[in-house]
Number of protein chains: 2
Amino acid sequence: MSLKRLVPRMDESESRAWLGLTGVLQLLPGALETQLQRDAGLTHFEFVVLSALRFAPDSTMRMSALAAATDSTLTRLSHVCSRLEKRDLVERSSSPGDKRATDVRLSSHGRRELILATPAHIASVRRLVIDALTPEQLESLANVTETILAQLTDGTHCETALTRDPASPSEPAG
Amino acid sequence: MSLKRLVPRMDESESRAWLGLTGVLQLLPGALETQLQRDAGLTHFEFVVLSALRFAPDSTMRMSALAAATDSTLTRLSHVCSRLEKRDLVERSSSPGDKRATDVRLSSHGRRELILATPAHIASVRRLVIDALTPEQLESLANVTETILAQLTDGTHCETALTRDPASPSEPAG
DNA sequence: CTCCAATTATTGATGCGTCAAGTTACGACC
DNA sequence: GGTCGTAACTTGACGCATCAATAATTGGAG
């Protein structure tokens, strides 16, 4: 199911592009999650967190810095680090300089697990995306995704359609 | 953060493509969710479900048919329909022909809400993706996503690494 | 020095998605 | 006409994400 029927004005090319993109949006994250989970028992986000720590000096970062590095939230990261700590993949300690802050460190066990997990994940990425595309397609993909990202991070949000009562977003009786 | 540092062999074009794709994967679904939630109080999946019903004969489908039409699961759909039913957006009734089956129907209230929600959502899709791309880019996007989808739905899964391959290149001190 | 606003992080509640089990109904076989 | 296997859903439990509220600490204004 898609928006195809909702958008009669969508021409053939637009329709194909949109259907393809939504398909990838639905399937690719799941495929990567599945592979990582099966091979390493890690969430993709956990993998990203551990990988960020791996290349940090002393394998250590502040929570807030790690949240920024992983495009995440402090809240989310805190929950995830709690779980990772229970599994002895990271260690948390109060930061010496600023006692509000806490430093997260990749444990040696975490490093081992991460190093074991990485090759298979990279292989998946290559198999599913990179090696499946020609150099020209890769160039196009880079080009197109950068354009879309520009839209997504563009400050000028048109605030499309609050033609309805803004106070009650879901309950206005027609 | 990305895999860039993990894949020294990744050339410039590959790296740009992968970074762009992961960026879109992270941001686009959230952007669409946010818009729909704000303007209509609907999840994207709820929107898809209601839209599927909208164009069905008598605005009615069997659960299993609706699950298939929305690329979903019976379980997921059941939960979602329970919530939608509480909000009077759909109605469920035992199917006359087969008493195991249940028919879901878009209520008139649901139809009104859906019709109010649709234009803004389409506008978002156009603004964020379709209208932002040139015809050539749209063609490329269709082309590339179809290639990736072919990989994703390809039966030949290489079973990448149950054999834990310690072929890891670099290793900073810890 | 003290008070207060801002920074940093954690916790608890809630919502959605998935998995495993359970329930009801159909169909066919003996 | 029982009962056995299967189909169509539903339910409950658990995991992860987000939001709102809280705690602890810092830095600066007076």
Side-chain angles (χ1 to χ4, degrees), chain A residues 25-27 29-38 40-50 60-87 89-105 169-170, chain B residues 25-27 29-38 40-50 60-87 89-105:
Chain A
L25 252 46
Q26 277 195 347
L27 296 182
L32 294 176
E33 288 288 335
T34 300
Q35 176 271 318
L36 263 174
Q37 194 65 46
R38 189 195 56 195
L42 289 176
T43 296
H44 178 69
F45 180 64
E46 290 171 341
F47 180 85
V48 169
V49 167
L50 296 180
T60 301
M61 285 198 215
R62 278 163 93 107
M63 288 293 285
S64 48
L66 187 52
T70 57
D71 290 315
S72 178
T73 312
L74 215 40
T75 297
R76 184 184 184 188
L77 185 63
S78 181
H79 284 302
V80 167
C81 283
S82 295
R83 294 170 218 139
L84 291 177
E85 198 173 26
K86 282 200 189 84
R87 298 164 61 187
L89 297 172
V90 304
E91 297 153 2
R92 275 188 290 193
S93 59
S94 179
S95 181
D98 184 337
K99 287 185 181 170
R100 292 169 300 180
T102 105
D103 290 338
V104 205
R105 184 164 199 276
S170 96
Chain B
L25 252 46
Q26 276 194 348
L27 296 181
L32 295 176
E33 289 287 334
T34 299
Q35 176 272 318
L36 263 175
Q37 195 66 45
R38 188 194 59 194
L42 290 176
T43 296
H44 178 70
F45 182 64
E46 291 171 340
F47 179 85
V48 169
V49 166
L50 296 179
T60 302
M61 285 198 213
R62 277 163 90 109
M63 289 292 285
S64 47
L66 188 51
T70 57
D71 288 317
S72 177
T73 312
L74 215 38
T75 297
R76 183 182 184 189
L77 185 63
S78 181
H79 284 302
V80 167
C81 283
S82 295
R83 295 170 215 140
L84 291 176
E85 198 172 27
K86 284 201 188 83
R87 298 164 61 186
L89 297 173
V90 303
E91 297 152 3
R92 275 188 288 193
S93 58
S94 178
S95 182
D98 184 338
K99 287 184 179 170
R100 291 170 301 179
T102 104
D103 290 337
V104 205
R105 185 164 199 275

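The chains referred to below are lettered A, B, ... by the order of the sequence lines, with proteins before strands, and numbering in each begins at 1.
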message: Between B:Phe45 and A:Arg100, which residue's closest nucleotide on DNA chain C lies nearer the 5′ terminus?
response: A:Arg100

field: Any donor-acceptor N/O pair under 3.5 Å between C:dT18 base and B:Arg76 side chain
entry: no

When the distance from [atom1] of [X] to [atom2] of [N] is rounded to whole Å, what number comes out?
X: B:Leu74; N: D:dT6; atom1: CG; atom2: P; answer: 18 Å
X: B:Asp98; N: C:dG27; atom1: CG; atom2: P; answer: 7 Å
X: B:His79; N: C:dC19; atom1: NE2; atom2: P; answer: 12 Å
X: A:Met63; N: C:dT11; atom1: CE; atom2: P; answer: 10 Å
X: A:Glu46; N: D:dG15; atom1: CD; atom2: C1'; answer: 11 Å
X: B:Gln37; N: C:dC16; atom1: CD; atom2: C1'; answer: 11 Å
X: B:Gln26; N: D:dT18; atom1: CD; atom2: C1'; answer: 16 Å
X: B:Leu77; N: C:dC19; atom1: CG; atom2: C1'; answer: 17 Å

- request: Tell me what B:Thr102 touches on the nucleic acid: a base, only sugar-phosphate, or nothing, going by heavy atoms under 4.0 Å.
  value: sugar-phosphate

Does [X] make a side-chain N or O approach to OP1 or OP2 of [N] shorter than 4.0 Å?
X: B:Arg83; N: C:dC16; value: yes
X: A:Ser64; N: C:dA9; value: yes
X: B:Arg92; N: D:dT10; value: yes

When rounded to the nearest 0.5 angstrom, what is the spacing between [atom1] in [X] and [atom2] in [Y]?
X: B:Leu77; Y: B:Leu66; atom1: CG; atom2: CG; result: 4.5 Å
X: B:Leu42; Y: B:Gln37; atom1: CG; atom2: CD; result: 7.5 Å
X: B:Leu74; Y: B:Thr102; atom1: CG; atom2: OG1; result: 8.5 Å

message: Using every non-hydrogen atom in the two residues, find where B:Glu46 and B:Gly41 come nearest and quote the distance to one decimal.
response: OE1-O, 4.1 Å

message: Can you work out whether A:Ser72 or A:Lys99 has the more 5'-proximal nearest nucleotide on DNA chain D?
response: A:Ser72

task: Evaluate side chain to side chain contact (heavy atoms under 4.5 Å, CB included) for A:Arg76 paired with A:Val49, printing each intermediate quantity in order.
output: CA-CA 11 Å; A:Arg76 184 184 184 188; A:Val49 167; over 6 Å; no

